[in-house]
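All remarks here apply to the structure that follows.
Note on naming: letters A, B, ... go to the chains in the order of the sequence lines (proteins, then strands), and numbering restarts at 1 for each one.
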Amino acid sequence: MLQDYFEQGDTTTLARQLLGKQLFYHSPAGVLSGYIVETEAYLGELDRAAHAFAGHRSPKNEALYQAGGTIYIYTIYGQYLLNVSTQPQGVPQGILIRGLQPHLGQAIMRQHRPHARTDFELTNGPGKLMAALGIQDLSLNLQNYTDSALTLNLTAGKRPLKIEAASRIGIGVQGKWQAAPLRFYVAHNPFVSKIPKRALNLENYGWQS
DNA sequence: ACGAAGATTATCT
DNA sequence: GATAATCTTCGTG
C-alpha cells in the first residue's frame, strides 16, 4: 500500500528510491506521465530549510503533517511545486519532485509550456513540470497519490545507472542544513534542473537498459 | 484591503 | 552567478 511505503522508510532513502518511479496525472486534456529524475528530502522540525522547521504549521503546509503519500502542493513566486508527504501523520517530512522525464502526453505538455526552448526545458524544474502537467491550483493539495488524479506507480519504472547526491537548491539558509546532501538525481539525465550540458548522456539518459 | 513570504524562472553577464 | 520579474496564499487589521 502506498501509504505504508511512504511511512516505513526514512525520508532520505525514500527520496532516492523515488528516482525512476512513474508519476501519472489524469488531466482534463488526457493522461500525462513521466519518470521522476530529481528529488529533495525535507526532514521536518529539525531541518532549518524545511517548511515545518521548529514545528511551524499553517494551512499552507498542513499536508506535511498528514499521512505518508499525501499530496503537498504550494506556491512560490507564482509557481506551483509538487511534494509527497512522508512519515506517519504528525511527522512533517516530505519530498519535493524537481525533475520529470516525460513519458505519455509530451505534446500536451508542450502546449502547456509553449515557450520552452527545448523539450528538455519542458519539465527540468519543479515549477516547470507542474506547468507542463497543467496543474496550476491547489485543488489536489491534501489529497493522496492513491485516490486522486495524481498517482504514483511504485512497482514499475526505470532504474538509474547512478544516483548523484548534492545540496538542495534555492533554500535560504546557511550552515549544515544548506550543505546537507539531500538532493538526489539521476546522473547524466537531461531533465535534471541546473545540470551542466557536458554532464548529459543523450544515449541512455542515465538509465539502465 | 494590504503586506509579507517565498523549496522559482528566464535572461542576462 | 547575478539579477529582476514573478503571483498566489495566508495572516493581520
Side-chain angles (χ1 to χ4, degrees), chain A residues 6 11-12 14-16 18-19 23 34 36-66 68 70-87 91-100 102 109-143 145 150 164-185 190-199:
Chain A
F6 285 113
T11 300
T12 303
L14 288 165
R16 298 177 65 100
L18 221 38
L19 298 176
L23 175 75
I36 295 169
V37 302
E38 180 181 1
T39 59
E40 284 178 359
Y42 285 86
L43 303 183
E45 288 108 325
L46 297 175
D47 181 349
R48 285 207 93 85
H51 290 162
F53 174 65
H56 175 71
R57 186 170 187 169
S58 77
K60 284 191 184 178
N61 71 357
E62 177 61 27
L64 283 173
Y65 286 84
Q66 295 307 310
T70 301
I71 297 169
Y72 174 34
I73 298 173
Y74 67 93
T75 64
I76 177 171
Y77 304 112
Q79 323 289 320
Y80 289 82
L81 273 60
L82 180 64
N83 303 251
V84 191
S85 172
T86 61
Q87 308 308 320
V91 182
Q93 304 190 12
I95 299 167
L96 170 66
I97 299 173
R98 293 191 51 92
L100 195 69
M109 298 186 198
R110 164 58 67 180
Q111 290 172 22
H112 290 151
R113 276 182 50 74
H115 300 303
R117 312 188 94 187
T118 69
D119 283 350
F120 297 146
E121 289 173 38
L122 241 31
T123 51
N124 67 340
K128 296 178 193 177
L129 71 89
M130 287 293 268
L133 293 174
I135 301 175
Q136 299 289 281
D137 61 57
L138 294 185
S139 58
L140 288 163
N141 187 43
L142 288 164
Q143 299 199 50
Y145 285 95
L150 262 182
E164 298 280 4
S167 59
R168 294 171 293 182
I169 292 184
I171 54 178
V173 301
Q174 298 297 312
K176 76 167 183 176
W177 288 108
Q178 194 291 127
L182 294 174
R183 172 183 177 228
F184 303 100
Y185 60 91
F191 296 92
V192 173
S193 67
K194 305 204 156 117
I195 193 172
K197 272 220 147 128
R198 64 184 174 280

*For the residue pair Tyr42(A) and His51(A), categorise the inter-ring angle as parallel (less than 30°), tilted (30 to 60°) or perpendicular (more than 60°).*
parallel
*Mind checking side-chain hydrogen bond (donor to acceptor under 3.5 Å, both in side chains) for His112(A) and listing every partner two or more places apart, or none if nothing turns up?*
none
*Do Glu164(A) and Leu19(A) have side-chain heavy atoms sitting under 4.5 Å apart?*
no
_Base-contact (B) and sugar-phosphate-only (S) positions in nucleotides 5-13 of chain B, heavy-atom cut-off under 4.0 Å, - elsewhere_ = -BBBBS---
*Would you mind reporting whether Leu100(A) and Ile36(A) have side-chain heavy atoms less than 4.5 Å apart?*
yes
*asked:* Could you work out, with side-chain contact (heavy atoms from CB on, under 4.5 Å) as the rule, every residue matching Ala116(A), not counting sequence neighbours?
replied: Arg110(A), Arg113(A), Glu121(A), Leu122(A)
*Would you write the dot-bracket representation of DNA chain B, where each base gets (, ), [, ], | or . depending on whether it forms a Watson-Crick or G-U pair under 3.5 Å and with which partner?*
||||||.|||||.
*Might you point out which heavy atoms bring Ala15(A) and Ala41(A) nearest each other, and give the distance in Å?*
CB-CB, 4.1 Å
*Contact interval (first through last nucleotide) of DNA chain C with protein chain A, 4.0 Å heavy-atom*: dT6(C) to dG11(C)
_Could you work out, with side-chain hydrogen bond (donor to acceptor under 3.5 Å, both in side chains) as the rule, every residue matching Asp47(A), not counting sequence neighbours?_
Arg168(A)
*Give the minimum heavy-atom separation between Arg183(A) and Ser167(A), together with the two atoms involved.*
CD-O, 3.5 Å
*When rounded to the nearest 0.5 angstrom, what distance separates CD1 in Ile71(A) from CG in Leu150(A)?*
4.5 Å
*asked:* Once rounded to the nearest 0.5 Å, what's the spacing between atom CG of Leu96(A) and atom OH of Tyr74(A)?
replied: 5.0 Å
